[in-house]
Participant: 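Below you will find the structure I want to go over with you.
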Amino acid sequence: MSSFDYKLLAALTDVIELQSFELAAKKLFVSQSAISQRIKSLEEYIGQPVLIRSQPIELTAAGEQLVNHFKKVKQLENELAPVLSPDKPLKPLKVSLAVNADSIATWFIQAITPVLKNNRVELNLMIEHEERTLDKLRTGEAIGAVSVIEKPLKGYRSFRLGKMEYCLVANKHFKNKYFKKGVNTESLKMAPAISYDHKDDMHVRFIAKHFKLAASEYYCHSVRSSEAFVELAKQGVAYCLLPKLQIANELASGELINLLPDNELIETLYWHSWVLVKGINKSISQQIVKVGQQQLAS
């Protein structure tokens, strides 16, 4: 197989990102039929379909690999441009990272701030559950990710950051109302909890491990914000699992109470980055690993 025609890969990438042949055509300044022909030519070239023409439009396994490859190539081009043409106005380098909400709320912003201050970077932070961030690397949407999974994808490498320690907390009023006789199977069935979303199984795993309760046996708010978790717990609305790093002051002052100090949850976090990462992206990766290892319990 000879080299790829990157016009075809660009058409495929735009169709899947914009979810429209028409919008992809407008972006590339060609007709809609030209976009369709490019997709057809690509499929003929590799001998298999690249798109599932459904709603939403989906990639086949081959299409996913091609889009991932194309995005990596574009990333390398973006990194080379300011080096090869230093006399031209420098466009911001687009950097997409997949990070879990708890890292954003605690140590991650501190890690990337120096690079953002000293470089022209257009940052796109994709907030995902720590078990699903690698999906963004797999599809080529991100070039780096924080994850609880240690094994890297092909073409990537992982670095151990450290341990994020979680504890089950509530304010004093909530504890007296729902857990006056302790945290147990019966009291948990009555007390409102908080989880990040319906796919967040951290809370479910914790309760199941220590109290043998299934998720259907108690009720739980869904709130996609780590900071909101803290505020809701402080207001006495619910109890929840929170990183000790995030609520150190609240625990020290007694504003929030560790309900189960002998039963805490520890998650080990890893940073995943592309093996070929260089330039600003490499600086970002190095800074994330450095600060992550400094801030997270070992």
Side-chain angles (χ1 to χ4, degrees), residues 1-81 93-100 122 124-158 197-201 224 270 272-278 281:
M1 182 179 285
S2 57
S3 59
F4 289 117
D5 183 341
Y6 283 89
K7 288 191 302 182
L8 309 185
L9 297 187
L12 175 63
T13 301
D14 286 336
V15 167
I16 197 66
E17 287 187 345
L18 299 173
Q19 284 292 299
S20 168
F21 281 74
E22 181 183 357
L23 294 178
K26 289 181 178 179
K27 180 179 178 181
L28 296 174
F29 301 102
V30 297
S31 66
Q32 187 171 334
S33 61
I35 290 291
S36 297
Q37 184 57 48
R38 289 183 185 185
I39 300 299
K40 182 179 178 181
S41 297
L42 182 59
E43 291 178 327
E44 291 176 348
Y45 178 69
I46 67 170
Q48 57 184 300
V50 296
L51 281 178
I52 300 172
R53 291 160 175 80
S54 59
Q55 287 297 332
I57 302 171
E58 296 180 359
L59 292 169
T60 63
E64 186 173 304
Q65 289 180 310
L66 290 171
V67 168
N68 194 358
H69 169 74
F70 179 72
K71 288 183 176 180
K72 289 177 180 177
V73 171
K74 295 302 292 182
Q75 188 66 43
L76 287 174
E77 289 180 354
N78 290 338
E79 291 174 344
L80 278 173
L93 177 65
K94 294 183 178 181
V95 177
S96 296
L97 308 174
V99 189
N100 61 313
E122 185 177 314
N124 176 27
L125 283 183
M126 291 175 278
I127 314 302
E128 284 287 349
H129 189 266
E130 52 267 26
E131 293 180 350
R132 303 196 303 270
T133 50
L134 294 191
D135 291 341
K136 297 299 183 181
L137 299 186
R138 192 175 288 108
T139 61
E141 294 175 78
I143 62 161
V146 175
S147 175
V148 292
I149 299 170
E150 180 179 7
K151 184 178 179 180
L153 301 174
K154 185 177 180 180
Y156 290 83
R157 55 184 172 180
S158 68
D197 59 26
H198 69 283
K199 295 181 180 179
D200 180 5
D201 68 346
R224 293 180 65 86
Y270 301 88
H272 293 250
S273 65
W274 191 19
V275 169
L276 298 179
V277 69
K278 59 173 59 178
N281 285 324

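For the numbers below, each heavy atom of this structure counts, side chains included, while hydrogens, waters and symmetry mates do not.
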Participant: If I compare all heavy atoms of Ile39 with all of Arg53, which pair ends up nearest, and what's the gap?
Facilitator: CG2-NH2, 3.3 Å
Participant: Are side-chain heavy atoms of Asp14 and Ile35 found at a separation under 4.5 Å?
Facilitator: no
Participant: Considering non-hydrogen atoms only, spot the tightest contact between Gln19 and Ile16 and give its length.
Facilitator: NE2-O, 3.1 Å
Participant: If you count heavy atoms of other groups shown closer than 6.0 angstrom to NZ of Lys72, is the number above 12?
Facilitator: yes
Participant: Of all heavy-atom pairs between Gly144 and Leu137, which one has the smallest distance, and what is that distance?
Facilitator: N-CD2, 3.4 Å
Participant: Look at the rings of Phe4 and Tyr45 and say which category their plane angle falls in: under 30° parallel, 30 to 60° tilted, over 60° perpendicular.
Facilitator: perpendicular
Participant: Evaluate the side-chain proximity of Phe70 to Leu12: yes if any heavy-atom separation is below 4.5 Å, no if none is.
Facilitator: no
Participant: Using a distance-only test with no angle check, is there a side-chain donor-acceptor pair under 3.5 angstrom linking Gln37 and Ser33?
Facilitator: no
Participant: With rounding to the nearest 0.5 Å, note down the distance linking CD1 in Ile52 to CD in Glu58.
Facilitator: 5.0 Å
Participant: I want to check something: taking the side chain as every heavy atom from C-beta on, are Ile143 and Leu97 in contact at a cut-off of under 4.5 Å?
Facilitator: yes
Participant: State, with a plain yes or no, whether a side-chain heavy atom of Leu134 is found less than 4.5 Å away from one of His272.
Facilitator: yes
Participant: Identify the heavy atoms of Ala98 and Thr133 that sit nearest to each other, and give their distance.
Facilitator: CB-O, 3.7 Å
Participant: Could you go step by step and tell me if Glu128 and Arg138 meet the salt bridge (charged side-chain N to carboxylate O under 4.0 Å, His left out) rule?
Facilitator: CA-CA 14 Å; Glu128 284 287 349; Arg138 192 175 288 108; over 6 Å; no
Participant: Taking all heavy atoms of Trp274 and all of Gly155, pick out the closest pair and write down the distance.
Facilitator: CD1-O, 3.0 Å
Participant: Using 0.5 Å steps for rounding, measure from the CG atom of Leu9 to the CG atom of Asn68.
Facilitator: 11.5 Å
Participant: Where the side chain of Thr60 meets the backbone of Pro49, is there a donor-acceptor pair that is under 3.5 Å apart?
Facilitator: yes
Participant: Are the side chain of Ser158 and the backbone N or O of Glu150 linked by a donor-acceptor pair below 3.5 Å?
Facilitator: yes
Participant: Any side-chain heavy atom of Leu59 within less than 4.5 Å of one from Leu51?
Facilitator: yes
Participant: In the structure I gave you, are the side-chain heavy atoms of Lys71 and Glu141 within less than 4.5 Å of one another anywhere?
Facilitator: yes
Participant: To check you understand the geometry: which heavy-atom pair defines the closest contact between Arg38 and Val30, and what is its length?
Facilitator: NH2-CG1, 3.6 Å
Participant: Check whether any side-chain heavy atom of His69 lies under 4.5 Å from a side-chain heavy atom of Val73, and answer yes or no.
Facilitator: yes
Participant: OG/Ser147 to NE2/His129 distance, rounded to the nearest 0.5 angstrom?
Facilitator: 10.0 Å
